[in-house]
Peer 1: 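Encoded as structure tokens, here's the structure I'll be asking about.
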Amino acid sequence: MIAPSTIPAAMIKDEGWLVHQAQNGDREAFNELVRLYRLPVINLLFRIYGDEALAEDAAQTALVRAWQNLPRFRHGASFRNWILGIAMHCAIDNLRKERHEYSIDAIDEPSHSMQDDNPEQSLEQRQRSDLVQQAVLALPAASRMVLVLREYEGYSYQEIANILDIPIGTVMSRLNYARKALLDRLKPVLEDL
Amino acid sequence: MNHQPEHWIAAYLDGELTPHQARQVESHLAECPACQKVLEEQQSLSTLLQTIPTATGLKPQDRFVAEVGLRLVRRGKPTVQPAQLLQWGWQAFPLALLAGGAFIQTVVILSWLTCLPAVEQALHQLSFQLDIPATVGLSISWLPLPGLLNWNTWSSLLALVILGILYTGWISGWVIQQYVQIKTNHQIR
């Protein structure tokens, strides 16, 4: 498990002030928040869609929605949870409206930044991560969302239930379904590890 | 502890168990090779999932921020959305019914009390001491709706039955709403 998307501590210190200013209509303060949360929001949506362009577009929609709803944000609550929750609801709305079930063949070719010191090993790793990504994207959308929030964002079951507005039992059943499906699909890869 | 289902092991790995439950799982794992295998598989899966790269071919940050900025609209004072209003109404409905029921009960009890000879006599005595004309007195006329106190058992029972029907209607509506919600969630699964 990795730590949730990292944000510089100094920025978090000023986050409350930025949120307060943005709530009062300060666009420059909101732009700072956009800079701060651009990558966490895009990466979250990228895990859901498997497509960078779609993830960026949905992230912009989510941030615009966050601006509109900012006056209703309660002080003391986690801004990160709030904004990622909005991003998830944008994804849910898109899936409901357009029944996006992205073909696993249409996934962007992942751009790997690793150094090719050992090309053979690098190719193997790339193929493996492609297989994993395809397996995740082949999951039903609702299970994929729960899995992404748990495995990549590190949220607890209760936090996931709050973000997605579903019972905690549903979180557990979707997560177990997702993991079981992945274990079945990735069995050959896991055996090679 | 009996054989551990996979969700117990998943919850254990996710740190979702109480210390007592975690100890139970650990003691079971110590003596169950099948569950140890499940644990190892789930750990490996978690590690494998981290190999998916993050998005890298993104547009420059400044361009992204500028594009978001162009889509921002001037924000007025926060207004109550119709959906929010509906939600409030939905929650307020049983409270209103409860208040209605309490009101009816109070009226019935008051009308019963004021009909008691002892109470009637005490009220007349009080009106005499306060020097209030007997025609005004502390009779029932202090209520803006004196007719309400003329309720008999049947009319109050009828009102309670109507409230009961409304409440049952609300409960049915709530169940249907939950069913539709679950069905919608299932469809996107």
Side-chain angles (χ1 to χ4, degrees), chain A residues 1-2 5 25 27 30-31 34-35 38-39 42-43 45-47 52 55-56 59-61 63-64 67-68 70-72 92 95-96 99 108 110-113 125 128-129 132-133 136 140-143 147 150-152 156-157 166 170 172-177 179-180 182-183 186 189-190 193, chain B residues 5-11 13-17 37-81 83-84 87 178 181-189:
Chain A
M1 217 154 317
I2 55 164
S5 317
R27 288 182 180 225
F30 186 72
N31 285 346
V34 172
R35 285 188 192 95
R38 181 180 74 106
L39 283 178
I42 290 175
N43 278 326
L45 293 166
F46 176 61
R47 311 277 190 205
E52 288 176 345
E56 268 194 308
Q60 288 189 339
T61 305
L63 289 162
V64 170
W67 164 260
Q68 286 161 349
L70 205 51
R72 282 193 277 274
I92 291 169
L95 292 164
R96 274 187 185 148
R99 290 278 183 275
D108 280 357
S111 44
H112 300 261
S113 56
Q125 283 176 348
R128 189 189 294 159
S129 69
V132 177
Q133 189 170 24
V136 171
S143 302
L147 182 89
R150 174 63 228 161
E151 290 288 344
Y152 298 102
S156 69
Y157 294 175
I166 53 175
T170 309
M172 290 167 76
S173 60
R174 285 183 186 175
L175 194 55
N176 282 314
Y177 172 84
R179 283 170 169 160
K180 199 168 179 302
L182 288 176
L183 282 170
L186 297 171
V189 185
L190 286 164
L193 278 178
Chain B
E6 284 175 9
H7 68 265
W8 270 96
I9 294 173
L13 281 175
D14 290 335
E16 294 282 342
L17 298 182
K37 191 166 177 284
V38 172
L39 179 78
E40 282 165 18
E41 276 179 351
Q42 296 220 5
Q43 280 173 326
S44 304
L45 177 66
S46 205
T47 309
L48 196 60
L49 284 171
Q50 306 310 326
T51 61
I52 299 182
T54 51
T56 48
L58 303 172
K59 57 183 80 164
Q61 178 178 268
D62 288 344
R63 191 176 146 200
F64 181 91
V65 175
E67 284 178 2
V68 172
L70 285 173
R71 290 172 65 179
L72 298 184
V73 289
R74 183 178 289 278
R75 222 175 33 212
K77 284 185 178 174
T79 52
V80 178
Q81 301 293 318
Q84 201 177 2
Q87 185 69 18
Q178 293 298 309
Q181 182 73 34
I182 289 167
K183 206 174 166 187
T184 313
N185 286 341
H186 183 71
Q187 276 175 351
I188 67 157
R189 180 175 164 162

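A, B, ... follow the sequence lines: proteins, then strands. Residue 1 opens every chain. Since the model is a prediction, treat every value here as computed from it, not as a measurement.
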Peer 1: Relative to chain B, which segment of Leu45(A) carries a heavy atom at a distance below 4.5 Å: side chain, backbone, both, or neither?
Peer 2: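 Neither part.
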Peer 1: What part of Ala66(B) gets within 4.5 angstrom of chain A, counting heavy atoms only: side chain, backbone, both, or neither?
Peer 2: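 Neither part, no heavy atoms under 4.5 Å.
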Peer 1: So does Leu45(B) get a backbone contact from the side chain of Arg179(A), meaning a donor-acceptor N/O pair under 3.5 Å?
Peer 2: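 The answer is no, because no donor-acceptor pair under 3.5 Å joins these two groups.
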Peer 1: Would you mind checking which part of Glu41(B) comes under 4.5 Å of any heavy atom in chain A, side chain (CB onward), backbone (N, CA, C, O), both or neither?
Peer 2: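 Glu41(B) touches chain A through backbone and side-chain heavy atoms alike.
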Peer 1: Enter the distance from Gln133(A):CD to Leu49(B):CG here, rounded to the nearest 0.5 Å.
Peer 2: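 One gets 11.0 Å once the value is rounded to the nearest 0.5 Å.
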Peer 1: Checking Trp67(A) side chain against Val68(B) main chain: does a donor-acceptor pair fall under 3.5 Å?
Peer 2: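 Checking the backbone N and O of Val68(B) against the side chain of Trp67(A), no donor-acceptor pair under 3.5 Å is found.
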Peer 1: Checking side-chain polar atoms at under 3.5 Å, does Thr61(A) have a donor or acceptor matched by the opposite partner on Arg71(B)?
Peer 2: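 There is such a pair (donor and acceptor under 3.5 Å, judged by atom type) between the side chains of Thr61(A) and Arg71(B).
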Peer 1: Nearest 0.5 Å, what's the CG-OG distance between Leu182(A) and Ser46(B)?
Peer 2: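 If we round to the nearest 0.5 Å, Leu182(A):CG and Ser46(B):OG are 10.5 Å apart.
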Peer 1: Any idea which of Gln43(B), Lys59(B), Glu67(B) has the most non-hydrogen atom pairs under 4.5 angstrom with chain A?
Peer 2: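 Winner by heavy-atom pair count: Lys59(B).
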Peer 1: Quick one about Ser156(A) and Glu16(B) (side-chain donor to acceptor, distance below 3.5 Å, no hydrogens or angles considered), yes or no?
Peer 2: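 The criterion, which ignores hydrogens and geometry beyond distance, is not satisfied for Ser156(A) and Glu16(B).
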Peer 1: Using non-hydrogen atoms and a 4.5 Å limit, figure out which bit of Asn31(A) sits close to chain B: side chain, backbone, both or neither.
Peer 2: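 Backbone plus side chain of Asn31(A), per the 4.5 Å heavy-atom cut-off to chain B.
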Peer 1: Measuring from atom CZ of Arg128(A) to atom OG1 of Thr51(B), what distance do you get when rounded to the nearest 0.5 angstrom?
Peer 2: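 Reported value, rounded in 0.5 Å steps: 7.0 Å.
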Peer 1: Show your working on side-chain contact (heavy atoms from CB on, under 4.5 Å) between Gln61(B) and Leu39(A) and close with a plain yes or no.
Peer 2: CA-CA 9 Å; Gln61(B) 178 178 268; Leu39(A) 283 178; over 6 Å; no
Peer 1: Closer than 3.5 angstrom, by distance alone: can the side chain of Tyr157(A) be matched with the main-chain N or O of Asp14(B) as a donor-acceptor pair?
Peer 2: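 Judged by distance alone, no pair lies under 3.5 Å.
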Peer 1: State, with a plain yes or no, whether a side-chain heavy atom of Phe64(B) is found less than 4.5 Å away from one of Leu63(A).
Peer 2: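 Result yes, sub-4.5 Å side-chain heavy-atom pair found.
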Peer 1: Which region of Val132(A), side chain (C-beta onward) or backbone (N, CA, C, O), has a non-hydrogen atom less than 4.5 Å from a non-hydrogen atom of chain B, or is it both or neither?
Peer 2: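 The answer is both parts of Val132(A).
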Peer 1: Minimum heavy-atom separation for Glu52(A) to Thr56(B), with atom names?
Peer 2: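 Closest pair (atom of Glu52(A), atom of Thr56(B), distance): OE2-N, 2.8 Å.
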Peer 1: Working to the nearest 0.5 Å, report the span between OG1 of Thr54(B) and OH of Tyr152(A).
Peer 2: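 The distance works out to 11.0 Å.
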Peer 1: If you look at every heavy atom in Ile52(B) and Ser129(A), which pair is closest and at what distance?
Peer 2: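 Ile52(B) and Ser129(A) have their closest heavy atoms at CG1-O, 4.3 Å.
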Peer 1: From Leu58(B) CG over to Glu56(A) CD, what is the distance, rounded to the nearest 0.5 angstrom?
Peer 2: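 Output value for this atom pair is 4.5 Å.
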